[in-house]
Number of protein chains: 2
Amino acid sequence: MSRSTLEQWRMFRAVVEHGGFAQAAEAIHKSQSSINHAVHKLQDQLDLKLLEVVGRKAQLTAAGELMLRRAGQLIDQAEQLETIAESLAQGEEAQLRVAIDEVYPQHCLAEALEQLSTEFPYTRVELVETVLSGGAERLFKGDVDLLVAGDVPQGFLGEALMDVEFIAVAHPAHALHSLGRTLNLQDLAAERQIVVRDSATGRRIDSGWLGAEQRWTVSHVATSITMISRGMGFAWLPITRIRDELTEGRLRELALERGSRRQVSLFLTYADSDKAGPATCRLGELLIEQARSDLSFD
Amino acid sequence: MSRSTLEQWRMFRAVVEHGGFAQAAEAIHKSQSSINHAVHKLQDQLDLKLLEVVGRKAQLTAAGELMLRRAGQLIDQAEQLETIAESLAQGEEAQLRVAIDEVYPQHCLAEALEQLSTEFPYTRVELVETVLSGGAERLFKGDVDLLVAGDVPQGFLGEALMDVEFIAVAHPAHALHSLGRTLNLQDLAAERQIVVRDSATGRRIDSGWLGAEQRWTVSHVATSITMISRGMGFAWLPITRIRDELTEGRLRELALERGSRRQVSLFLTYADSDKAGPATCRLGELLIEQARSDLSFD
DNA sequence: CCTATTTGTCGAAATATTCGAACGTTATCA
DNA sequence: TGATAACGTTCGAATATTTCGACAAATAGG
């Protein structure tokens, strides 16, 4: 195998781009003979004529033209590699791990991540969607750099992000809607409630009223929404996640005597706000920004 | 800018892949200290720790992991570059220029080119679709390596490829079809004929009978087919190109007293059969092969 | 505490790169 | 036709880089 060098390809390209060995030498700040030596050595190694001298100018051969295009890609990629290294050297994170409660509005998350990816194209983000204490657990274990959850874990300093309203809903055709009156707890207790499992402990969420006789437990808010939309029960769901279902009539708010709506606050917590890199900080900013601008509908 | 070397990246990868400086040295056939020196120099240049020594083993850092993936691509691309060079050095053509008469069945051409591209993925083919003497002219000028046309140019040695039948057709609703009898030359002379211009001279095709009063001249067979299919006249068209139109009823053969069908032979000619590279030869074979197997329908 | 294994360091030798200067060829212009 | 300028090529010497072997330092496992 021939083991050609990036530098050789660079010189080869320079010769073609600047139209000659002399001009290339000028542009690259090397002597003509260096360029000459390198390119000829490259040709010898490959056993392939890349350039041919016609008159007193060097011209690409057909093979040279083909190789140049490929070599160009190679050189570009190499330079890109060093650019990435530079970013990383300046402290940008290679990867960024975030745990986000499923209650956080997904379009806000998407917006924030998209913006992040334009500013930090090389940091790869690992997203963990959690429910309740699941995120806190990962923060304790040092598995994530950033957490968005319903509370701030012990010993950490969190920042209030937004309030998410939960409302009790069921499918419009559900029995609870056909009673024609405001509902009390006994009415609810007769129907099936669908609750979301805590992603850490695997236990049911026991905060708030849970007096229903029948109860199904699912792992994801999305699953719950799907089930309720199909008339399989009722639940308190985050308004941020069921906007479409409400407007399109797949879900309707239950008329409860009280407790129809509940407020839950989301907090942003850094695993280590001192050592957080620029991408981590930026994502924190973006998540806050998005949360603020999301107040438009609720 | 840091100007890292392919060799440095190769060594870095080797260390990771073989699980240590020592093992890498073994695998790469270099001394440990060379590897050590190169990798450390790379890290110094990038100002970025790629490996960290925990205990007595070298482990990838997060940044190192990211860089390794990119570097792997770089190395692979470099090796591919040299593979291509090797192919080229062994005589494979960087580009292959072919002139093919539009009469040659397009699906045969497509098949042949597809097969060629799997066997010679790096030769780029330049296709010129010609009509009559257009291809010959390009052969004389040395513009193409291979020619498929209706005759073999003076001084070249061609090989018979296939016979293509031209039939006189018009749209089913065309006046010529409503006469209800076999047609004679006077009938045709009263209608508009659509002929294809020679792509070299720019003159009309004057071979065969051309007694029509009205005459339109177009540059491509495809244009002619489109026009005839819309009832704009009649023409002799290669049966290989109008199979669909005939079966789907957009074209119907004219009932002529005589001369309704004409045979044209296609020949394959090499610009220089001695100096023809492997890809050129192979394409020739494929074109013949395809022509042979295409006899199924006519 | 000792040993085997592995990474890190140092100086010397081998190798590769770079440069300037001289040389040969080719195009341009008078 | 001949002078001249623009190039590519060649050569030897200076310089930089890579490689190696030997040894030091660190560490896991007995």
Side-chain angles (χ1 to χ4, degrees), chain A residues 1-61 63-65 67-68 71 75 78 82, chain B residues 1-61 63-65 67-68 71 75 78 82:
Chain A
M1 185 113 280
S2 43
R3 297 277 116 132
S4 56
T5 315
L6 279 174
E7 206 56 26
Q8 289 175 313
W9 290 112
R10 272 194 266 257
M11 293 193 201
F12 168 51
R13 181 164 76 167
V15 169
V16 177
E17 282 185 350
H18 298 92
F21 285 67
Q23 292 88 334
E26 184 73 14
I28 294 287
H29 304 301
K30 304 216 169 175
S31 71
Q32 293 183 19
S33 56
S34 290
I35 308 269
N36 193 293
H37 180 71
V39 174
H40 277 85
K41 183 175 173 185
L42 177 61
Q43 291 185 139
D44 287 352
Q45 285 173 325
L46 300 177
D47 191 23
L48 186 65
K49 278 223 111 29
L50 268 15
L51 296 168
E52 69 183 337
V53 196
V54 46
R56 59 185 184 192
K57 263 184 238 165
Q59 274 204 331
L60 269 179
T61 64
E65 197 182 325
M67 296 304 283
L68 179 61
I75 297 170
E82 306 200 335
Chain B
M1 185 113 280
S2 43
R3 298 277 116 135
S4 56
T5 317
L6 278 175
E7 207 56 23
Q8 289 176 313
W9 291 112
R10 271 194 267 258
M11 293 193 202
F12 168 51
R13 181 165 75 167
V15 169
V16 176
E17 283 185 351
H18 298 93
F21 286 68
Q23 292 88 333
E26 184 73 14
I28 294 287
H29 305 301
K30 304 217 168 169
S31 70
Q32 296 179 17
S33 56
S34 290
I35 308 271
N36 195 298
H37 180 72
V39 174
H40 278 84
K41 184 173 173 186
L42 177 62
Q43 291 185 139
D44 288 351
Q45 285 173 325
L46 301 176
D47 191 23
L48 186 64
K49 279 222 108 32
L50 301 172
L51 297 169
E52 68 183 337
V53 186
V54 45
R56 58 186 185 194
K57 264 184 248 166
Q59 273 203 333
L60 270 179
T61 63
E65 198 183 324
M67 296 304 282
L68 179 61
I75 297 169
E82 305 199 337

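On a predicted model such as this, the values are computed, not experimentally measured, just so you know. Just so it is clear: chains get the letters A, B, ... in the order the sequence lines come, proteins before strands, and each one is counted from 1. Only heavy atoms go into these numbers, but all of them, side chains included; no hydrogens, no water, no symmetry mates.
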Tabulate below the donor-acceptor pairs under 3.5 Å that side-chain atoms of residues 15-36 of chain B make, not counting sequence neighbours, or state none.
from  : atom 1 : to    : atom 2 : distance (Å)
B:H18 : ND1    : B:A14 : O      : 3.0
B:K30 : NZ     : B:E7  : OE2    : 3.4
B:S31 : OG     : B:S33 : OG     : 3.2
B:S31 : OG     : B:S34 : N      : 3.2
B:S31 : OG     : B:S34 : OG     : 3.0
B:N36 : OD1    : B:H40 : ND1    : 2.8

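Protein chain B contacts DNA chain D from D:dT17 to D:dA28, reading 5' to 3' and using non-hydrogen atoms of the protein with a distance under 4.0 Å.
Counting heavy atoms from C-beta outward, A:Q59 and A:V53 have side chains that stay 4.5 Å or more apart. In this structure, the side chains of B:L6 and A:T5 stay at 4.5 Å or more apart for every pair of heavy atoms. Taking the side chain as every heavy atom from C-beta outward, A:F12 and A:L51 approach each other to under 4.5 Å.
Each salt bridge (Lys or Arg N to Asp or Glu O under 4.0 Å) pair with one or both residues in residues 31-47 of chain B, not counting sequence neighbours, would appear here, but there are none.
With axes fitted over five pairs at each extremity, the angle between the ends of the helix from C:dC1-D:dG30 to C:dA30-D:dT1 is 30° (10° resolution).
Every residue two or more places apart in sequence or in another chain that forms a side-chain hydrogen bond (donor to acceptor under 3.5 Å, both in side chains) with A:Q45 is listed here: A:Q8. Under the side-chain hydrogen bond (donor to acceptor under 3.5 Å, both in side chains) criterion, B:Q43 pairs with no residue, sequence neighbours left out. Contacts of A:E65 classified as salt bridge (Lys or Arg N to Asp or Glu O under 4.0 Å), with partners at least two apart in sequence or in another chain: B:R124.
Contacts of residues 18-27 of chain B with DNA chain D (heavy atom under 4.0 Å): none.
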In sequence, state the C-alpha distance, the side-chain angles, and the governing distance for A:L68 and A:L60, and then conclude on side chain to side chain contact (heavy atoms under 4.5 Å, CB included).
CA-CA 9 Å; A:L68 179 61; A:L60 269 179; 3.9 Å; yes
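To the nearest 0.5 Å, atoms CE (A:M11) and CD1 (A:I75) are separated by 11.0 Å.
Shortest non-hydrogen contact noted between B:R10 and A:S4 is NH2-O, 4.1 Å.
We find that CG of B:D44 is positioned 13 Å from C1' of C:dT9, with the value rounded to whole Å. Computed from coordinates, the B:R3 CZ to C:dT18 C1' distance equals 16 Å when rounded to whole Å.
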Would you tabulate the pairs of protein nitrogen or oxygen atoms and nucleotide nitrogen or oxygen atoms of nucleotides 13-17 of chain C closer than 3.5 angstrom?
from   : atom 1 : to    : atom 2 : distance (Å)
C:dT17 : OP2    : A:K41 : NZ     : 2.4

Go along nucleotides 22-30 of chain C 5' to 3' and tag each nucleotide: B for a protein heavy atom under 4.0 Å from its base, S when only backbone or sugar atoms are that close, - otherwise.
----BB---
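Looking at B:E52, its side chain never comes within 3.5 Å of a backbone N or O of B:A58 through a donor-acceptor pair.
OP1 and OP2 of C:dT7 both lie 4.0 Å or more from every side-chain N or O belonging to B:N36.
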